[in-house]
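What follows is one structure encoded as structure tokens, with my remarks underneath.
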2 protein chains.
Amino acid sequence: MSKKSFVHYSEDCDFPIENLPYGVFSTNDDEVPRIGVAIGDLILDLKKTANIFRGPLLKDKQGVFKQTTLNDFMALGKQCWKEARASLQSYLLIENINNQNKGVFVKQNDAKMHLPATIGDYSDFFSSYYHAYNCSLMFRMEILKSNWRYVPIAYHGRSSSINVSGTLVKRPQGQIIEDHNNPIPIFQKTKRLDYEFEVGVFIGGELNEQGKPLKIDNVDDYIFGIVLLNDWSARDIQLWEMVPLGPFLAKNFSTTISPWIVTMEALESFKTDNMQQDPVALPYLRHDDKYNFDITLESYLKTDDSIVTKLCKTNYKYLYWTAKQQLCHHSITGCNMKPGDLLGSGTISGPTDDSLGCLMEITFNGKNPLILANGKSRTFLEDGDEVIFTGYCQGNGYRVGFGTCSGKIIPNE
Amino acid sequence: MSKKSFVHYSEDCDFPIENLPYGVFSTNDDEVPRIGVAIGDLILDLKKTANIFRGPLLKDKQGVFKQTTLNDFMALGKQCWKEARASLQSYLLIENINNQNKGVFVKQNDAKMHLPATIGDYSDFFSSYYHAYNCSLMFRMEILKSNWRYVPIAYHGRSSSINVSGTLVKRPQGQIIEDHNNPIPIFQKTKRLDYEFEVGVFIGGELNEQGKPLKIDNVDDYIFGIVLLNDWSARDIQLWEMVPLGPFLAKNFSTTISPWIVTMEALESFKTDNMQQDPVALPYLRHDDKYNFDITLESYLKTDDSIVTKLCKTNYKYLYWTAKQQLCHHSITGCNMKPGDLLGSGTISGPTDDSLGCLMEITFNGKNPLILANGKSRTFLEDGDEVIFTGYCQGNGYRVGFGTCSGKIIPNE
């Protein structure tokens, strides 16, 4: 049964008192980015609150909530994150209704959202079984028979071009092969612009020094929270450039994340079984505790006539490699991880035709056009198209939601 | 003919008045990192100097020299970099010998060097023709016949694990295939630990906004300077993990750079012809001006008996893709570049057997052991081995040198 706050919201609101995600925002009257917590359609402005965090761990560390990013708070670690959550829930409970009038709330509609953290390094995994299966099929890759079931495959991504939801995405240009019988590249705008529906994990705590890998047993202590993530991809540029060192320009022009980081504490009660792994993972990656989450993920395409087509309904639980395994693997050669680093899951696809996380899969690499709600069709994205992701965990009488992660394609002129 | 400074040094010193590279250092009596300029075996401590930079562009921007990294200075752009160099040269000329006694010099031997900049994003290219040719031969890749001559191939690297010269490198562990007829990975320490002799380019200036590529014509305005770079690589881990998304753990455990950034102004007189490109580059990458540099690069292996073996003598001029082309290509999809970003060149190999930039090439992937000066042999690096890179441009009566980029392998216990 849901708890009650003096802030009112409906049962299908993304931000009930059970959620309390962190974000960074600014307003017209104070343009300096600051930390807030979403509740209903409001933001609790942590710059304006005094003395919310009175627990033993945080009472002398209020400064972390007065920063322009969440990095310092992320660095404090799991026990502090738990204490902060307890303090915030208590502050917002209906019995503390006197907090309602302290001038510490901002309407979400009046706020401009910013990136929640300075992202030092961003890595992107390839952890969804059905996505890997579909890619293997499309490109006749043997990865499922070779390394993929042993290695949580990933590549390093570009940090500087990560944006918060709502940022426009200019159609990129690059080297493209038009005629594969005559592989001479031409320089042009991508004709195969795609989204990839992913989830991103922010990490924190007192992470490992260089040369000292994290351990699978307690690696979840370093996972702070989750956002929705769109790894925009130019498939034609990707195909030509990615041998032998992987995708580069095809994915570094823009990555979009949702602005509110939903904490692992808020997701705790939505844990579900991990996917069965065959073969069993190597010992350094093996864990028996559940670290998969039942998060419904939906994507939509809004064309410039404002008509919306549902693209897919998938679920975070279709990840083969858990976020624990991803983070542990990332550090295993001794790579030092830092608070604010972001790990993308890779495109999350489910087993059915209506649960595919990118257009490349939906249209089988452009061969089978998708018919939209307005009767038009798409193989890949066109200028003016807006891609919108949403996500939520369904509780009993409440939802823990992620808000939206959206981006609109603008022409390259 | 060389200029003369009141600081004394020999003709083969790396740091004459013609060089003046920037670095960040600290000392026992002041542990806060600060910016310095190398001259002879001294460092001019810019925190202690007052009013050196009196030119019109810098006179109100002295603050950039009082930071703990070079990022703010890098951000100012080419005209400021030129003015700074002129002011520094003037300050150090023999006719201004009165500056000698102002207590603004520190011995390099008394300084601890730090990373010169906060590196937001690090990307690593694959731009040496002979290295690409040798890799193609070893792994039967068709890249020279497909994309490599059109695309300055690169991948995103890991920023957090970049270290300054002298940092110890712990032998990494990971998934490795021992028997390629039975490709089941085992988890063990790498047996194929290698160095890669590269050069890294730091960029700066008022770089491009997201969505707005840089132009080849003036992209050199954004290139600040050069360091030596060792892209340590675990070849057995790399071979197993890198399909389909490129190298990840095999290269993210450590990257080492030399501490002094030699500026493009100091390298100007060592420009040499670009390599002939066939086919001619696409227009967005095409430039006729020289942007190749005659930098002699030498690598050495020092075993734990202190005996040194010369590994190679190669040259920066063996890059097929110039740093202008690398940077322009990096931004061409609209990726926003930032001051302090680092671009690795990729392993630089020359055409001869004694000019190969990594052990994998020297030993033909471990097949032909290298005989060391102490009579022992190596296929890949062993614990206790120290790899040392040096580099210099030979002027008339002086050298513009890079100092050293070194790292010693320590066991993983």
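Note that the structure is predicted; figures quoted are calculated from it, not measured. The sequence lines fix the lettering, A, B, ..., with proteins before strands; numbering per chain opens at 1.
Of the listed residues (W148(A), Y155(A), Y122(A), F126(A)), the greatest number of heavy-atom pairs within a distance under 4.5 Å of chain B belongs to Y155(A). Per-residue heavy-atom pair counts under 4.5 Å with chain B were compared for G120(A), A250(A), P185(A), and the maximum is reached by P185(A). Comparing G211(B), G334(B), P183(B) by how many heavy-atom pairs each has under 4.5 Å with chain A, the most go to G211(B). Between chain A and the residues M242(B), K338(B), M337(B), the largest count of heavy-atom pairs under 4.5 Å involves M337(B). With chain A as the partner, the residue from P244(B), G246(B), C335(B) showing the most heavy-atom pairs under 4.5 Å is C335(B). Between chain A and the options E241(B), M141(B), E142(B), heavy-atom pairs under 4.5 Å are most frequent for E241(B).
Interatomic distance, CD1 of I153(B) versus CH2 of W240(A), reported as 8.5 Å (0.5 Å rounding). Between F125(A) atom CZ and L245(B) atom CG the span is 11.0 Å, to the nearest 0.5 Å.
Contact annotation for L207(A): neither backbone nor side-chain heavy atoms come within less than 4.5 Å of a heavy atom of chain B. Neither the backbone nor the side chain of P279(A) comes within contact range of chain B; no heavy atoms are under 4.5 Å apart. Of the two parts of I332(A), the backbone and the side chain both hold a non-hydrogen atom closer than 4.5 Å to a non-hydrogen atom of chain B. Using a 4.5 Å cut-off between heavy atoms, L249(A) touches chain B through backbone and side chain atoms alike. For S254(B), the parts lying under 4.5 angstrom from a heavy atom of chain A are both the backbone and the side chain. For N412(B), no part lies under 4.5 angstrom from a heavy atom of chain A. Of the two parts of Y284(A), only the side chain, counted from C-beta on, holds a non-hydrogen atom closer than 4.5 Å to a non-hydrogen atom of chain B. Heavy atoms of L285(B) lying under 4.5 Å from chain A belong exclusively to its side chain.
In this pair, F248(A) and H156(B) present their aromatic rings tilted. The plane angle is within the 30 to 60° band.
With a 6.0 Å radius and a threshold of 12 heavy atoms from other residues, nucleotides or ligands, E206(B) has its CD atom at or below the threshold.
Here the side chain of Q210(A) pairs a donor or acceptor atom with the backbone of F253(B) at under 3.5 angstrom.
The salt bridge (charged side-chain N to carboxylate O under 4.0 Å, His left out) contacts involving residues 324-336 of chain B comprise D220(B)-K324(B), D289(B)-K324(B), where partners must be two or more places apart or lie in separate chains.
Listed in order of number, the residues of residues 157-171 of chain A that approach chain B to under 4.5 Å between heavy atoms are G157(A), R158(A), S159(A), S160(A), S161(A), N163(A), K170(A). Close approach to chain B, defined as a heavy atom under 4.5 Å from one of its heavy atoms, is seen in Q173(A), Q175(A) of residues 173-181 of chain A, taken by number. When the heavy atoms of residues 127-140 of chain A are compared with those of chain B, none of the residues falls under 4.5 Å.
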(request) Step by step, work out the side chain to side chain contact (heavy atoms under 4.5 Å, CB included) result for Y150(A) and I184(B). (result) CA-CA 8 Å; Y150(A) 293 98; I184(B) 306 293; 3.2 Å; yes
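In terms of heavy-atom proximity, V243(B) sits nearest to N147(A) at O-ND2, 2.8 Å.
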